[in-house]
2 protein chains.
Amino acid sequence: MTTDCANCPLRRHDLFKTFSEQDLKSIQKFKVGEIKVDPGTPLLMEGSNSPQLFTALRGMGLRYKTLANGRRQVLNFVFPGDFLGLQSGLMDEMGHSIEATSHMTLCVFNRSELWTFFRNHPDRAFDITWLAAVEEHFLGEAVATLGQRTAFEAISWALVRIFQRGEALGLVTRNSMALPFRQQDLADALGLSLVHTNKTLSKLRDRQLANWADGKLTIYDLELLRSEGQVDDDPLPLRPLM
Amino acid sequence: MTTDCANCPLRRHDLFKTFSEQDLKSIQKFKVGEIKVDPGTPLLMEGSNSPQLFTALRGMGLRYKTLANGRRQVLNFVFPGDFLGLQSGLMDEMGHSIEATSHMTLCVFNRSELWTFFRNHPDRAFDITWLAAVEEHFLGEAVATLGQRTAFEAISWALVRIFQRGEALGLVTRNSMALPFRQQDLADALGLSLVHTNKTLSKLRDRQLANWADGKLTIYDLELLRSEGQVDDDPLPLRPLM
DNA sequence: CGATGATTTGACGAGCCTCAAGGTACGTGG
DNA sequence: CCACGTACCTTGAGGCTCGTCAAATCATCG
């Protein structure tokens, strides 16, 4: 039993652009189903050419690459509203893998219909391009983080970005949100060792800035953390939802 | 005196997709002129909302971000064929700045006409999205480089990527190509200090892998360098030209 | 020719990595 | 119900990669 797009649980959040009736109809037609997956389930594989694209409805996940020497680089955390698989939809293969780290629910689309959708709905095509550009923007920030920030700054940056996204999605209650990742995931995202990540997190705790434990992230002083991480305070832009 | 798109000097390279007659006509109409700039000229500024988009015809440049603490992160080197300013065309501001590091010639487009172009030419719209996806793919690799590769591996990776692009553009003669950047630029691209970059480059020289001096990059053993840098050997995909 | 910018080299120290070990929570099977 | 394995977090010790500081060399240019 799949949800009607008109009743999509994400639409209510003001992080997302509002749909026209036309948009609703066309996206509903593009959508072919819904799936629920368990933590640890791989959704898309680097180098593969998946027949399906997804929109994350509930739950979280990871985008990552694996290098020849076996080391893993996490590119991004996946949140509700993210559109997954665009690379394989456009080019013929994914540049990274994606897997669920919590229980997830996802909308499913057929890659083979992407081009038709693109041609018939130029405004939605524009939205897809916009999503790609936002992703590019984010990765640019990530590159700057890995290249120029210290471990302490990098972790501050990451926690602020995560928390901001959580707030916009209504996942935050009283300064806290669920964050179903391991310290190893954050370490791999920031190019740090697990040990140093652990020690830096405890420094954040000592300084009363933030606490991430037992899958729950609590921010005590967002403004201070923002300045430690040198995060620009642009408001999150309104995202289109696919 | 601007070049006719039909005579675009880039079209001959097999790096680029071939144009249909229709494509030629529509892109020619979108194009509003051509400019030549000197080394050091800023083309687009982070946070700005440029009225113009560009395609690099000749010459090279840099994309970079500046952090609050003044440090600079180079995101990418700009080569002929690159489409510049898409972020400001889609979102309302650039996430990075772009400047010329050599003499450059660029095609100029009006940002205000992007949406019309997008609507009227769905296949070209697809191409634009594809370009955004390729950029995202590249930045993903860059993140992995900064996060997981040693200085030696990172520089090997960068030189291979640059050289491959140069080859596809016909810029390489007898294992060498012009590379009009400073060591500081490469250092800022890889998150390394200038000093360490310099020392690592001389190690590459000692090991007879590559030599970059006086604005000229020479690769002695591309295969070996590729394996040192753990660069995947996917062939460069055919790029659309805007 | 002094001034400026880029490259090069040496010395030293710090930030972060690796290795190692121990702690806790949780599930599984005897 | 307890022994055991597994996964993740935590903490300490030591060392290497890489950053910072400093200064010399070289080329270009007004």
Side-chain angles (χ1 to χ4, degrees), chain A residues 38-40 62 67 69-74 99-102 145-159 178-206 210-218 228, chain B residues 38-40 60 62 67 69-74 99 101-103 145-159 178-206 210-218 228-229:
Chain A
D38 289 331
L62 281 181
L67 294 195
N69 58 17
R71 303 187 58 163
R72 180 181 76 150
Q73 175 67 45
V74 168
E99 83 175 42
T101 59
S102 72
T145 296
L146 296 191
Q148 310 299 336
R149 286 185 242 250
T150 64
F152 187 81
E153 293 168 341
I155 291 189
S156 300
W157 171 82
L159 295 186
L179 193 61
F181 300 100
R182 296 164 305 155
Q183 292 185 356
Q184 184 70 64
D185 296 326
L186 184 61
D188 288 347
L190 299 174
L192 300 169
S193 71
L194 170 61
V195 172
H196 198 63
T197 300
N198 180 289
K199 288 172 178 166
T200 306
L201 280 170
S202 79
K203 194 188 287 184
L204 284 171
R205 223 172 280 133
D206 292 347
N211 181 27
W212 176 31
D214 304 318
K216 203 177 80 170
L217 170 66
T218 307
E228 291 286 0
Chain B
D38 289 331
M60 299 183 190
L62 280 181
L67 294 198
N69 58 17
R71 304 188 58 165
R72 180 181 76 150
Q73 175 68 44
V74 169
E99 83 176 40
T101 59
S102 72
H103 288 281
T145 297
L146 297 191
Q148 309 300 337
R149 286 186 241 250
T150 64
F152 187 81
E153 293 168 339
I155 290 189
S156 301
W157 171 82
L159 295 186
L179 194 61
F181 300 100
R182 297 164 304 156
Q183 293 185 357
Q184 183 71 64
D185 296 326
L186 184 61
D188 288 348
L190 299 175
L192 300 170
S193 71
L194 171 60
V195 172
H196 198 64
T197 300
N198 180 289
K199 287 171 177 166
T200 306
L201 281 170
S202 78
K203 195 187 286 184
L204 284 172
R205 224 172 279 133
D206 293 346
N211 181 27
W212 176 31
D214 304 317
K216 202 176 80 168
L217 171 65
T218 307
E228 291 286 359

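Residue numbering restarts at 1 for every chain, and letters A, B, ... go by the order of the sequence lines.
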* State which residue, out of L146(A), L67(A), D188(A), fulfils the side-chain contact (heavy atoms from CB on, under 4.5 Å) condition with Q73(A). => L146(A)
* Quick one: Q148(B) CD to dC16(C) C1', roughly how many Å, whole number? -> 14 Å
* Whole-Å distance separating the CG atom of D214(A) from the P atom of dC26(C) -> 9 Å
* To do: Provide, to the nearest angstrom, the distance between the CG atom belonging to L190(A) and the P atom belonging to dC16(C).
  => 11 Å
* Asked: Is it true that a side-chain atom of T101(B) and a backbone atom of P180(B) form a donor plus acceptor pair closer than 3.5 Å?
  -> yes
* To do: Using whole Å, report how far NE2 of H196(A) lies from P of dT17(D).
  => 17 Å
* Are the side chain of N69(A) and the backbone N or O of R71(A) linked by a donor-acceptor pair below 3.5 Å? -> yes
* Looking across every strand, which nucleic acid part, if any, lies under 4.0 Å from S202(A) by heavy atom: base, sugar-phosphate, or nothing? -> nothing
* Is the side chain of Q148(A) donor-acceptor paired with the backbone N or O of R72(B) at a distance under 3.5 Å, no angle test? -> yes
* Asked: Does OP1 or OP2 of dT8(C) have a side-chain N or O of Q183(B) closer than 4.0 Å?
  -> yes
* Asked: Just how far, in rounded Å, is P of dA20(C) from CG of L194(A)?
  -> 16 Å
* Structure fact -> To the nearest angstrom, the CG-P distance between L192(B) and dC16(C) comes to 14 Å
* Distance in angstrom units between L201(B) CG and dT9(C) C1', rounded -> 14 Å
* Does D185(A) reach the side chain of L62(A), with side-chain heavy atoms less than 4.5 Å apart? -> yes
* Structure fact -> Between CD1 of I155(B) and P of dC18(D) the distance, given in whole Å, is 10 Å
* Under-3.5 Å donor-acceptor pair between K199(B) side chain and dG10(C) base -> yes
* **Residue mapping more 5' on DNA chain C - nearest nucleotide basis, V195(B) or R182(B)** => R182(B)
* Does OP1 or OP2 of dC9(D) have a side-chain N or O of N198(A) closer than 4.0 Å? -> no
* To do: Quick one: label G191(B) by what it contacts on the DNA or RNA (base, sugar-phosphate, nothing), any heavy atom closer than 4.0 Å.
  => sugar-phosphate
